Amino acid sequence: MDYSYPKAAPYKVKIVEPLPHLSEAQRQEALIQAGYNVWRLRDDQVFIDLADAHGNGAMSQAQWAGLMIGDEAYAGSINFEHLQEAAQARFGKRYLVPTHAGRGAEHLVLLALSHDGQQVVGNAPSPTLLRLLERYGRTYRDLTDAASAFPGDVNLQALEALLQEAAEQIAYVVLHAAAWVQGGQPFSLANARAVAELARAYQKPLVLDATHVFTQALILQEQEADLKAHSVFAIVRALADLADVVYLSARGDLGCHVGGFILTNSEADYIRLRSLVVVFEGLHTYGGLAGRDIEAIAVALQEVSEDELRFHRGQLQALGHRLRALGYQVAEPVGMVGLSLDAAVRVEGEFAAHALAAALYLLAGVRGGPRGTHLHLALPRRVYTEHHLDYVVAALQALQTVPVPSLKLVEDHPLQRDALARFRPEGTFEATAWSPEVQPEPYRIKAIEPLVLTTRAQREAALREAGWNTFLLRSQDVYIDFLTDSGTSAMSSVQWAEMMRAAETLSYSAAYHRFVETIQEVYGFPYVLPTHQGRAAEHVLSQVLIRPGQYVANNMYFTTTREHQERAGGIFVDVIIDEAHDPAAHHPFKGNMDPEKLRDLIRRVGPEQVAYVCLELNVNMAGGQPVSLENVRTVAQLCREFGIPLIFDATRAAENAYFIKAREPGMQDRAIPDIFRELMSYADGITVSAKKDLLVNIGGFLAVRDAALYRRMEQFALRFEGHPADGGLARRDLVAMAQGAREMLDVNYLRSRIEQVAYLAAALRKAGVPIVEPPGGHAVFIDARRFLPHLPQDQFPAQRLAGEIYLAAGVRAMERGIVSAGRDPETGQHKYPRLELVRLTIPRRVYTQRHLDVAAEGILDVFARREQIGGLRMVFEPPVLRFFTARFEPMA
Ligand code: P70
């Protein structure tokens with residue numbers, strides 16, 4: 001089925017918000033407390049909340065930034081000017097009156113344009129407008145022609161008849177974009193034109209409620225033949241031009257959490273509105289809004305994106321289609337903000353919708369919104385992922401076999417019965433112990449970052465400019481960024497909250513103590529030294545522990561780790577198991593050290609000549625491959641036997657712990673923090689780049705057991721990093737790490753993280769793309785040797801492949817082959833590593849499944865034309881860590 005919407009969200013995740021996980025027993029209790037009315041549940045009792053989609057979208061990073069630049073002056077703020085300009089650009093109206101919310105706008109318009117005894121007419125009205133009219137003793141004539149092809153249309157004959165009969169009694173005509181029927185329905189442009197003409201003929205102002213006008217314009221573009229060639233913005237403008245007054249709630253299409261405004265070109269109307277706004281809202285330049293909220297609305301107006309509207313609508317339509325396929329009666333057409341299910345099909349009695357909602361909540365923690373006879377499922381903007389929606393569909397499928405008792409009213413609230421009534425079930429809501437096949441992300445989206453789409457021609461130019469080195473591309477030219485999982489995570493709202501709390505005070509700050517105590521607790525080391533990132537910790541450790549000429553045993557190499565070992569005069573030795581060098585070899589713990597190789601080394605050079613053993617968890621260069629707990633025990637035993645310190649590169653240790661739980665015999669029932677602590681207990685010290693496991697954008701640390709060693713490291717770090725209580729980091733980064741250290745061990749998070757990697761691997765494997773097997777924890781590694789078997793290694797096949805993948809799909813990957821391996825310091829020749837790989841690294845909590853689908857599609861495209869792909873020539877080579885800045889050209 002083609003819904004003609006963007007395949008993947010045109011944004012990535014910037015901040016996540018943890019979702020509450022309640023047990024079925026807890027949900028049962030919550031329902032009892034709520035009188036079986038899901039509207040009475042607290043949001044922290046709800047896993048996925050589809051009750052309503054108004055003012056609960058995810059704002060963009062620019063909107064969040066806007067909150068920070070609120071000019072909180074009482075009068076004439078710069079934010080007001082921004083809003084005025086942005087609104088003028090979209091709607092073409094000169095005068096703007098801000099209001100605290102949509103109903104504030106409705107109120108002022110009502111008072112400005114009507115007087116006692118008058119009626120307002122239009123299509124299906126908002127409940128907020130009706131309540132206001134009632135308060136002023138005025139009435140509404142709903143002239144919706146629900147039978148029309150556009151269910152939001154006004155019945156023109158009825159309108160004309162009314163105007164003819166009783167023109168004096170009519171105050172104004174209002175058209176609600178997303179009329180309040182069936183989840184929000186549009187009116188046609190033709191209908192709006194006819195309404196405008198009638199209004200003009202009878203000298204009645206036409207008012208447009210533009211809360212959902214962008215979505216409405218999108219639907220008109222889809223459905224009205226003569227609008228196909230017009231942009232959504234041109235259609236919005238055409239609608240606005242018909243109206244004398246436009247108002248909106250910013251909680252609709254603009255995705256803001258609060259606010260509204262009124263627009264007009266009539267100076268007389270403006271003067272009237274201005275004298276009302278100061279009575280009911282605030283000043284005419286802030287209208288009851290904080291400057292920051294005004295800025296967020298201004299940014300939203302600038303950022304509205306057709307792709308995004310289309311994606312959101314596509315999600316809703318797809319949901320409607322899937323539920324229909326399950327046998328649910330979904331009202332047609334699917335509305336702008338949500339869809340509604342007829343509850344009477346499933347449950348008996350007057351409160352069928354409430355009963356169905358209660359059963360769905362009990363089963364799955366999903367909240368729909370019971371309204372009258374229907375259960376509404378609204379989709380907050382940019383908040384839930386494909387997996388969340390899959391989960392909702394699975395829940396609704398499971399719900400079909402669950403008996404649902406009817407509800408009896410025990411406490412009525414006639415004015416707001418849906419939201420406030422309490423019920424008693426006539427029968428029991430039985431526990432189902434449902435175990436879903438879909439495990440959605442344990443977070444929802446709090447803030448997004450828009451993605452930039454480029455054309456192939458733009459990408460060709462960008463790659464040439466970057467010398468065919470993906471490290472040198474500008475991120476603005478990248479659509480899906482799989483360069484690294486380092487510092488690219490979406491932080492959580494809790495991490496941000498902690499950062500805002502951290503005081504940037506001197507030296508041994510509260511933030512420092514919080515960080516140290518958390519690391520001590522989670523990792524189990526008494527001495528913790530922050531550094532600005534991982535390589536800095538490696539620098540300190542190598543300099544302190546290695547005497548020139550000593551050997552360091554490693555399970556494969558990592559570029560920066562090895563660089564620092566060699567700079568300290570150490571001799572790097574690789575003692576990983578042989579399977580690690582074979583991309584096709586299946587081994588559950590390909591990161592393991594070979595104890596025999598290690599023993600041989602110790603025997604050969606003598607234990608005092610081995611500075612330390614460096615065991616990397618989830619070995620990056622081997623493909624993100626884990627080390628088994630058993631192997632760690634064996635290596636630790638050996639080290640103890642010979643008195644050699646054992647150091648972990650624990651950068652991806654949490655992910656390693658997950659593999660131990662998932663793959664190692666006897667570990668399935670152990671909790672992740674427990675496995676993690678045992679793992680750590682075998683090391684004398686660890687270096688950590690916190691930019692991975694700890695879900696932060698910057699930071700690292702060292703942790704050791706020995707006080708004297710800590711003192712030496714502290715002294716050394718002082719020169720290069722900073723005070724031992726900050727490591728050269730801002731205090732906020734210390735607390736962000738502390739919070740991340742807690743989040744990283746959540747098994748649901750780790751599962752969704754590692755399953756993403758496995759999902760991408762499966763998509764590529766299915767099509768025959770050669771990848772490192774089994775896929776590891778942070779990335780899918782493509783075997784460039786087998787992908788481009790016709791290219792010799794010194795023509796840089798992996799470098800070329802990374803470039804081609806970028807050209808095909810805007811996906812940025814990283815070479816991990818001959819370029820990364822560098823030159824042999826003795827001979828000056830390239831080192832020829834056995835692994836010639838392209839790494840597709842998945843940032844944590846940033847992309848959704850559809851992004852992975854799109855990336856896979858692009859890679860398959862390259863795979864289909866692999867035979868035509870030639871080699872590269874290196875045209876610039878720096879002396880160290882050359883992969884970061886080397887430049888290449890395609891060979892003729
Ligand atoms: C990556 C990043 C960093 C890293 C690591 C392990 C196992 C230490 C570090 C260093 C960044 C990177 C670094 C060098 C080349 C390419 C990319 N890995 N140990 O993308 O930590 O970056 O914080 O200094 O993976 O794999 P830091």
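Note that this is a predicted model, so its numbers are computed, not measured. In each ligand, atom 1 is the first atom listed, and ligand 1 is the first ligand listed. Worth knowing before you read on, the calculation uses all heavy atoms, side chains too, and leaves out hydrogens, waters and symmetry mates. For this chain, numbers begin at 1 and follow the sequence in order.
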Worksheet item: Are more than 12 heavy atoms from other residues, nucleotides or ligands located less than 6.0 Å from atom CD of E465?
Response: no

Item to complete: Indicate yes or no for a side-chain donor-acceptor contact from R732 to the backbone of A511 under 3.5 Å, with no hydrogens or angles considered.
Response: no

Discussion item. Side chain or backbone, does G534 bring an N or O within less than 3.5 Å of an N or O on ligand 1?
Written reply: yes

Worksheet entry | Min side-chain heavy-atom separation M667-L629 under 4.5 Å | yes

Discussion item. So, regarding S689 and ligand 1 (criterion: nitrogen or oxygen to nitrogen or oxygen, under 3.5 Å), is there a contact or not?
Written reply: yes

Discussion item. Out of all atoms in ligand 1, which are within 4.0 Å of some heavy atom of T559? Include the element for each.
Written reply: 14 (C), 15 (C)

Discussion item. Considering both backbone and side-chain atoms of R816, is one of its nitrogen or oxygen atoms within less than 3.5 Å of a nitrogen or oxygen in ligand 1?
Written reply: no

Item to complete: Looking only at distances, please establish whether an N/O atom of ligand 1 is found under 3.5 Å from an N/O atom of E616.
Response: no

Worksheet entry | D485: which of K692, K691, H778, R844 passes side-chain hydrogen bond (donor to acceptor under 3.5 Å, both in side chains) | R844

Worksheet entry | Closest to atom 19 (N) of ligand 1 among I698, D649, T531, L881 (heavy-atom distance) | D649

Worksheet entry | Ligand-side contact atoms (ligand 1) for residue partner F884, heavy atom cut-off under 4.0 Å | 14 (C), 15 (C), 16 (C)

Worksheet item: When you measure from atom 17 (C) of ligand 1 to every protein heavy atom, which one gives the shortest distance, and what is it?
Response: M814 CE, 3.9 Å

Worksheet entry | atom 12 (C) of ligand 1: the protein heavy-atom neighbour that sits closest, reported with distance to 0.1 Å | F558 CZ, 3.9 Å

Worksheet item: Taking distance alone, with no angle check, do K692 and ligand 1 share an N/O pair under 3.5 Å?
Response: yes

Worksheet item: Do other residues, nucleotides or ligands put more than 12 heavy atoms under 6.0 Å from R567 CZ?
Response: no

Practice prompt. Identify, by atom number and element, the atoms of ligand 1 in contact range of T484, meaning under 4.0 Å from any of its heavy atoms.
Written response: 1 (C), 20 (O)

Worksheet, complete the sentence: ligand 1 to R652, heavy atom cutoff 4.0 Å, flagged ligand atoms 1 (C), 5 (C), 7 (C), 25 (O), 26 (O)

Discussion item. Less than 6.0 angstrom separating the ring centers of F525 and F648, yes or no?
Written reply: no

Discussion item. Heavy-atom contact check, 4.0 Å cutoff: does R839 meet ligand 1?
Written reply: yes

Worksheet entry | Sub-3.5 Å N/O-N/O distance, Q533 and ligand 1 | yes

Discussion item. Can you confirm whether or not the ring centre of F716 sits under 6.0 Å from the ring centre of H539?
Written reply: yes

Worksheet item: Looking at atom 10 (C) of ligand 1, what's its closest protein heavy atom, distance included?
Response: T560 OG1, 3.5 Å

Worksheet item: Under 3.5 Å, is there a donor-acceptor pair between the side chain of E836 and the main chain of I818?
Response: yes

Item to complete: May I ask you to check whether over 12 heavy atoms, not counting those of E773, lie within 6.0 Å of atom CD?
Response: yes

Worksheet item: Is E579 salt-bridged to K590, going by a charged N under 4.0 Å from an acidic O?
Response: no

Practice prompt. May I ask you to list the atoms of ligand 1 that are less than 4.0 angstrom from any heavy atom of F883?
Written response: 15 (C), 16 (C)

Worksheet item: Between H532, H539, R535, which one has a non-hydrogen atom sitting closest to atom 22 (O) of ligand 1?
Response: R535

Response to the item:
of all protein heavy atoms, closest to atom 8 (C) of ligand 1 is E538 OE2, 2.9 Å

Discussion item. How about CD on Q476, more than 12 heavy atoms from neighbouring residues, nucleotides or ligands closer than 6.0 Å, or not?
Written reply: no

Practice prompt. Test side chain to side chain donor-acceptor pair (under 3.5 Å) on T470 and R812 and set out the steps.
Written response: CA-CA 6 Å; T470 52; R812 170 155 70 174; over 6 Å; no

Discussion item. Only heavy atoms of K691, strictly under 4.0 Å: list the atoms of ligand 1 that pass.
Written reply: 23 (O)

